[in-house]
Amino acid sequence: MKKKQRSIKGKMTIAIVVMGILLSLCVGIGVFTISYRQVSAQYTQRAFSAAKAAALLVNGDSISVFLNNGKNEEYDYIYDALKEAKKAFGMTYLYVMAPDNENVPVYVFDIFTEGNDPSMIGELGAKMPDSDAAAFERAAEAYYEGRVIENTVVSITGYGWLASAYVPIYASDGLAAAVMGADISMNRIMGDIILQTLQVLMIILIIIAIFLFILRYIAGKQILDPVLAERERIATELNVATEIQASMLPNIFPAFPERNDFDIYAVMHPAKEVGGDFYDFFLINKDTLAVVIADVSDKGIPAALFMVVSKTLIKNAAMDGKSPKDVFDSVNLQLCENNDADMFVTAFMGYIDIPTGRLTYVNAGHNPPLIRRGDEYEFLRVDSGLMLAVMEDMRYTQEEVILNKGDMLFLYTDGVTEAKNKEKKLFTDKRMLEKANSYKSDNAKELLFNIKKEIDNFAEGAEQADDITMLALEIKPL
């Protein structure tokens, strides 16, 4: 009998492991595919726009002159113009290709800027590497046949991940005299996508391990000791899941020790081992700081997975240069796709231009932040908006306000205002505003610590029902 039970347990264990691996692969591929499709479309369109604009700087009638007679004053003028275009559009490589008198693809221009390897830059008339020559021949053939190539390819080459586009350069007779090629490096963004995908896979594998331990506990609970050991293992795995989720949020403070023009601090206290709240902050450029706070509609493992996808899409869209409104418009559309669980996200996002204090923000059904102006906190006026992942064609409203030196922005989730005490009474918006004003001289870290202390005192030991997440940003007076 015991041997038969062990056999059944073994088969069930194998079945769960196999199903878990398949589930992990499906979810990982899904997360990677969604993010990859989004950024590849954005980067290839950007490369095409850059190539198209740069092509206008080149006189197609002069291509043969340059190849036959060498560089001249016009060549140098065009080179400088292309160099400025390359910098302006953030191109990794920008080059012009044409056939020489023997119909061999050669470089006409290959623009060198700071950071390029000089050995990889082709001189006028130099034969192109086989990979570039093949790209030229495909593009040239298409143009000669009257076809147009846009948003051509995203590929991984010896130069890394590249989004590449090609457009024709026409002579006055209307024929294509050369091809302009533009490449944008996607190494950083692809690295972020791969890292986020691996983190999702790690969480899923931990969930599988938890279910496996629970199964073994149910199947083998004849004596107390194995039960206790199983519970300890489950607790350990949940703790690991909590640590992994926490590591996905910025949690090293001071976050920007080299900056003295602003201060930022954030905390998340999940109601369960893993939660659906998240915050994020990151520099889009040296003067623009993005801040995000959000709350997924569910709790626990499902909310944590939806949170990972939401956080990844928001940051990727912001880092690609979208405005807060455009970030929410595009992320909402992607989250609506295949949302069979009907989950949704409330979120607030703002861009702070640090030198001017201009806060450009957008809201998707989230609680209005508090803003401290001078000696008083008040609620920031926001358009309520609809939660993300509810309606595909939703368009969000972007608003602005100026933060002066010494002002504070306080973001929070409804786990703060809806915290309950033993009598089931809520902490409320009104009480939060009153408590914030009682700590109006606090810095960012002190404010969050004291608000959490007030919530704990109010709860009087009642179980935390919802995730509590807060973020505070202060524009420092210099």
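No experiment lies behind these values; they were computed from the predicted model shown.
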Ignoring hydrogens, what is the shortest heavy-atom contact between [X] and [Y]? Give both atom names and the distance.
X: Gly415; Y: Ile468; value: O-CG1, 3.4 Å
X: Gly181; Y: Tyr166; value: CA-CD2, 3.8 Å
X: Met180; Y: Leu82; value: CE-CD2, 3.9 Å
X: Asp407; Y: Ile402; value: OD2-O, 4.4 Å
X: Tyr351; Y: Lys322; value: OH-O, 2.7 Å
X: Ser164; Y: Ala47; value: C-CB, 4.4 Å

Check: [Y] and [X] side chains under 4.5 Å, non-hydrogen atoms:
X: Ile184; Y: Met91; answer: yes
X: Tyr265; Y: Asn443; answer: no
X: Val291; Y: Ile264; answer: yes
X: Lys83; Y: Thr113; answer: yes
X: Leu335; Y: Ser310; answer: yes
X: Met394; Y: Met387; answer: no
X: Val401; Y: Glu399; answer: no
X: Leu447; Y: Glu474; answer: no

Should we count [atom1] of [X] as having more than 12 external heavy atoms under 6.0 Å?
X: Tyr439; atom1: OH; value: yes
X: Asn457; atom1: CG; value: yes
X: Lys425; atom1: NZ; value: no
X: Lys420; atom1: NZ; value: no
X: Arg358; atom1: CZ; value: no

**OP:** Would you check, one step at a time, whether the test side-chain contact (heavy atoms from CB on, under 4.5 Å) holds for Lys435 with Ile451?
**Re:** CA-CA 7 Å; Lys435 296 303 180 183; Ile451 294 294; 4.1 Å; yes
Just by distance, do the side chain of [X] and the backbone of [Y] share a donor-acceptor pair under 3.5 Å?
X: Arg372; Y: Gly406; answer: yes
X: His366; Y: Tyr412; answer: yes
X: Ser297; Y: Met343; answer: no
X: Gln334; Y: Ser330; answer: yes
X: Asn332; Y: Ala389; answer: yes
X: Tyr377; Y: Leu409; answer: no

Subject >> Flag for Asp295-Thr413: side-chain donor and acceptor within less than 3.5 Å >> reply: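 No, no side-chain donor-acceptor contact under 3.5 Å.
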How many angstroms lie between [atom1] in [X] and [atom2] in [Y], if you round to the nearest 0.5 Å?
X: Glu446; Y: Leu448; atom1: CD; atom2: CG; result: 10.5 Å
X: Cys336; Y: Asp393; atom1: SG; atom2: CG; result: 8.5 Å
X: Gln398; Y: Asp326; atom1: CD; atom2: CG; result: 7.5 Å
X: Glu392; Y: Glu337; atom1: CD; atom2: CD; result: 7.0 Å
X: Asp442; Y: Asn450; atom1: CG; atom2: CG; result: 5.0 Å
X: Phe410; Y: Ile293; atom1: CZ; atom2: CD1; result: 8.0 Å

**OP:** Run through Leu411, Asp280, Leu471 and flag the one making a side chain to side chain contact (heavy atoms under 4.5 Å, CB included) with Val292.
**Re:**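 The residue from Leu411, Asp280, Leu471 that satisfies side chain to side chain contact (heavy atoms under 4.5 Å, CB included) with Val292 turns out to be Asp280.
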**OP:** Identify the residue among Tyr361, Phe278, Tyr279 that makes a ring-ring contact (aromatic ring centres under 6.0 Å, His included) with Phe348.
**Re:**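 Of all the options given, the one that passes is Tyr361.
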**OP:** Mind telling me whether Tyr396 and Phe328 have parallel, tilted or perpendicular rings, with 30° and 60° as the class edges?
**Re:**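 The rings of Phe328 and Tyr396 stand perpendicular, inter-plane angle above 60°.
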**OP:** List the steps, then state whether side-chain contact (heavy atoms from CB on, under 4.5 Å) holds for Asn363 with Asp383.
**Re:** CA-CA 6 Å; Asn363 192 54; Asp383 185 278; 5.7 Å; no
Original post:
Is the cationic atom of Lys445 (NZ for Lys, CZ for Arg) positioned less than 6.0 Å from the six-membered ring centroid of Phe253 and within 45 degrees of its normal?
Top reply: no
Subject >> Check against side-chain contact (heavy atoms from CB on, under 4.5 Å), Val362 and Val327 >> reply: CA-CA 9 Å; Val362 62; Val327 169; over 6 Å; no
**OP:** For this output row, return yes or no: ring centroids of Tyr95 and Tyr93 closer than 6.0 angstrom.
**Re:**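 Ring centres of Tyr93 and Tyr95 not closer than 6.0 Å.
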**OP:** Step through it carefully: locate the ring centre of Phe256, locate the ring centre of Phe262, and say whether they are under 6.0 Å apart.
**Re:** yes
**OP:** Please assess Leu473 against Phe281 for the test side-chain contact (heavy atoms from CB on, under 4.5 Å), listing each intermediate value before the final yes or no.
**Re:** CA-CA 10 Å; Leu473 167 73; Phe281 54 84; over 6 Å; no
Subject >> Ionic contact status for Glu454 with Arg431, cut-off 4.0 Å >> reply: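 Between Glu454 and Arg431 there is no salt bridge, as every charged N stays at least 4.0 Å from the carboxylate O atoms.
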